[in-house]
Amino acid sequence: MNHPEPEQHNQFLLLYVDNEESLRGYVRSLLPTLEDAREVMQNTAAILWKKFDQLDDPENFRRWAFGVARFEVLSYRRDKARDRHVFSEELLMQLASEAEKISEQTMDEIRALKICLNKLPEKKKALVSEAYSDQIKINEIAKREGRSAMSVYKVLHRARMALADCVQNTLQAEGGSV
């Protein structure tokens, strides 16, 4: 058996982990059950690793991985074609195309949100980060800040509105969709 070079292994892992969530969402959007998606994701990951040396440019990993996943979904579907609850291949291709667009849009929105979060004043940025972490409750933040919970909610609401406007403006400035 041919053992991969540690550098190639590390590069694959970094790229795969960076894209796994969107790839999983894409596969899940094309299959009827979570179990089907898990099976296809396993096969997809194995094929991506096996054929990683065929990837021409790491910048293209996401697009390449989505293409491999699409073929794995189609293959899986062919194997399950006897089930009457399976989408037609034409519909599946439409869904795949739409899922790719949505995934790209989501990645653009996440990137824009990160930019916008960095534009918030430090105190608001810290409050937003803290409020959305699982470790602390709004009542605890309010108590620590010497405010009512309602005033903390109002500050968060204004920060969310500012972030939503900023994300929309950032995407429009870049020619993206809103």
Side-chain angles (χ1 to χ4, degrees), residues 10-34 36-38 40-42 44-45 48 52 55-70 72-73 92-178:
N10 290 340
Q11 184 181 29
F12 173 80
L13 284 177
L14 288 171
L15 290 168
Y16 184 77
V17 168
D18 196 35
N19 290 281
E20 181 181 16
E21 188 175 334
S22 59
L23 185 62
R24 185 174 304 282
Y26 173 69
V27 167
R28 181 65 181 104
S29 72
L30 299 175
L31 293 167
T33 70
L34 187 56
D36 292 340
R38 283 186 184 131
V40 169
M41 277 299 294
Q42 273 187 327
T44 299
L48 290 173
F52 186 62
L55 178 64
D56 58 346
D57 182 1
E59 293 289 317
N60 295 331
F61 182 85
R62 180 176 161 66
R63 177 168 271 119
W64 176 67
F66 271 59
V68 169
R70 183 183 316 119
E72 281 305 297
V73 167
L92 184 65
M93 294 312 292
Q94 287 176 334
L95 289 171
S97 176
E98 197 60 34
E100 285 182 52
K101 289 177 196 169
I102 290 169
S103 179
E104 285 294 324
Q105 181 180 350
T106 301
M107 295 302 288
D108 290 344
E109 290 168 353
I110 290 170
R111 188 187 41 71
L113 178 60
K114 287 178 181 177
I115 291 168
C116 293
L117 276 168
N118 285 327
K119 291 180 181 179
L120 283 178
E122 285 302 316
K123 192 165 180 141
K124 277 190 183 172
K125 185 180 359 176
L127 179 65
V128 168
S129 294
E130 195 172 34
Y132 285 98
S133 75
D134 291 335
Q135 288 82 26
I136 194 161
K137 294 183 170 50
I138 297 297
N139 289 339
E140 294 172 21
I141 295 171
K143 186 176 180 182
R144 187 191 67 227
E145 297 286 323
R147 299 174 165 211
S148 70
M150 186 53 73
S151 75
V152 172
Y153 280 118
K154 287 180 180 178
V155 170
L156 284 171
H157 176 72
R158 287 191 296 273
R160 281 194 301 269
M161 298 310 293
L163 287 170
D165 288 343
C166 177
V167 166
Q168 184 175 21
N169 293 335
T170 300
L171 291 172
Q172 284 177 343
E174 295 173 351
S177 58
V178 181

*Asks:* Evaluate the ring planes of Phe52 and Trp64, with Trp represented by its six-membered ring, and classify them as parallel (under 30°), tilted (30 to 60°) or perpendicular (over 60°).
*Replies:*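 The rings of Phe52 and Trp64 sit tilted, inter-plane angle from 30° to 60°.
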
*Asks:* Supply the atom-to-atom distance Leu31 CG to Arg28 CZ, rounded to the nearest 0.5 angstrom.
*Replies:*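 Reported to 0.5 Å precision, the distance equals 7.5 Å.
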
*Asks:* Minimum heavy-atom separation for Ala65 to Leu23, with atom names?
*Replies:* O-CD1, 3.7 Å

*Asks:* Hey, does the side chain of Ser129 reach the backbone of Ala126 with a donor-acceptor pair shorter than 3.5 angstrom?
*Replies:*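 Absent.
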
*Asks:* Between CG of Leu127 and CG of Leu156, what distance do you get to the nearest 0.5 Å?
*Replies:*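 Spacing of CG (Leu127) from CG (Leu156) equals 4.5 Å.
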
*Asks:* What are the two closest heavy atoms between Ile138 and Ala131, and how far apart are they?
*Replies:* CD1-CB, 3.9 Å

*Asks:* Any luck finding a side-chain donor-acceptor pair between Thr33 and Arg38 under 3.5 Å?
*Replies:* no

*Asks:* How close do Lys125 and Asn118 get, heavy atom to heavy atom, and via which atoms?
*Replies:*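 So the minimum-distance heavy-atom pair works out to NZ-OD1, 3.6 Å.
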
*Asks:* Would a distance-only check, ignoring hydrogens and angles, find a side-chain to backbone donor-acceptor pair under 3.5 Å from Ser151 to Arg147?
*Replies:*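 Not at all, since once roles are kept as given, no pair shorter than 3.5 Å links the two residues.
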
*Asks:* Between OG of Ser103 and CZ of Arg62, what distance do you get to the nearest 0.5 Å?
*Replies:* 3.5 Å

*Asks:* Could you walk me through whether Arg111 and Asp108 pass side-chain contact (heavy atoms from CB on, under 4.5 Å), step by step?
*Replies:* CA-CA 5 Å; Arg111 188 187 41 71; Asp108 290 344; 4.1 Å; yes

*Asks:* Any donor-acceptor pair under 3.5 Å linking the side-chain atoms of Gln105 with those of Glu109?
*Replies:* yes

*Asks:* Measure across Ala159 and Val128 and return the closest heavy-atom pair with its distance rounded to 0.1 Å.
*Replies:* CB-CG2, 3.8 Å

*Asks:* Do Glu98 and Leu95 come within less than 4.5 Å of each other through their side chains, counting heavy atoms only?
*Replies:*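 No. Closest side-chain heavy atoms not under 4.5 Å.
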
*Asks:* Are Met41 and Glu72 packed together at the side-chain level, in the sense that at least one heavy-atom pair is separated by less than 4.5 angstrom?
*Replies:*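 No, side chains not in contact.
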
*Asks:* Is the number of heavy atoms from other residues, nucleotides or ligands within 6.0 Å of CD (Glu140) greater than 12?
*Replies:* yes

*Asks:* More than 12 foreign heavy atoms under 6.0 Å from CZ of Arg63: is that the case here?
*Replies:* no

*Asks:* Report the distance from atom CZ of Phe66 to atom OG1 of Thr44, rounding to the nearest 0.5 Å.
*Replies:*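 It is 11.0 Å, given to the nearest 0.5 Å.
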
*Asks:* Just verifying a value: how many Å separate Asp56 CG and Phe61 CZ, rounded to the nearest 0.5 Å?
*Replies:* 12.5 Å

*Asks:* With sequence neighbours excluded, tell me which residues meet side chain to side chain donor-acceptor pair (under 3.5 Å) with Glu100.
*Replies:*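 Residues passing side chain to side chain donor-acceptor pair (under 3.5 Å) with Glu100: Tyr26, Arg70.
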
*Asks:* Kindly compute the distance separating NZ (Lys137) from NZ (Lys143), expressed to the nearest 0.5 Å.
*Replies:*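 If we round to the nearest 0.5 Å, Lys137:NZ and Lys143:NZ are 13.5 Å apart.
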
*Asks:* Any side-chain heavy atom of Leu15 sitting closer than 4.5 Å to one from Pro58?
*Replies:*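 Of all side-chain heavy-atom pairs linking Pro58 with Leu15, at least one is under 4.5 Å.
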
*Asks:* Give me the atom names and distance for the closest heavy-atom approach of Cys116 to Thr170.
*Replies:*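 Nearest heavy atoms, Cys116 then Thr170: SG-OG1, 3.6 Å.
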
*Asks:* Starting from the C-alpha separation in whole Å, work towards a yes-or-no answer on side-chain contact (heavy atoms from CB on, under 4.5 Å) for Glu145 and Ile141.
*Replies:* CA-CA 6 Å; Glu145 297 286 323; Ile141 295 171; 4.0 Å; yes

*Asks:* Does Glu130 reach the side chain of Arg144, with side-chain heavy atoms less than 4.5 Å apart?
*Replies:* yes

*Asks:* Under the side-chain contact (heavy atoms from CB on, under 4.5 Å) rule, what do Leu14 and Asp18 come out as? Steps first, then yes or no, please.
*Replies:* CA-CA 6 Å; Leu14 288 171; Asp18 196 35; over 6 Å; no

*Asks:* Which pair of non-hydrogen atoms, one from Phe12 and one from Ala45, has the smallest distance, and what is that distance?
*Replies:*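 Where Phe12 meets Ala45 most closely, the heavy atoms are CZ-O, 4.1 Å.
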
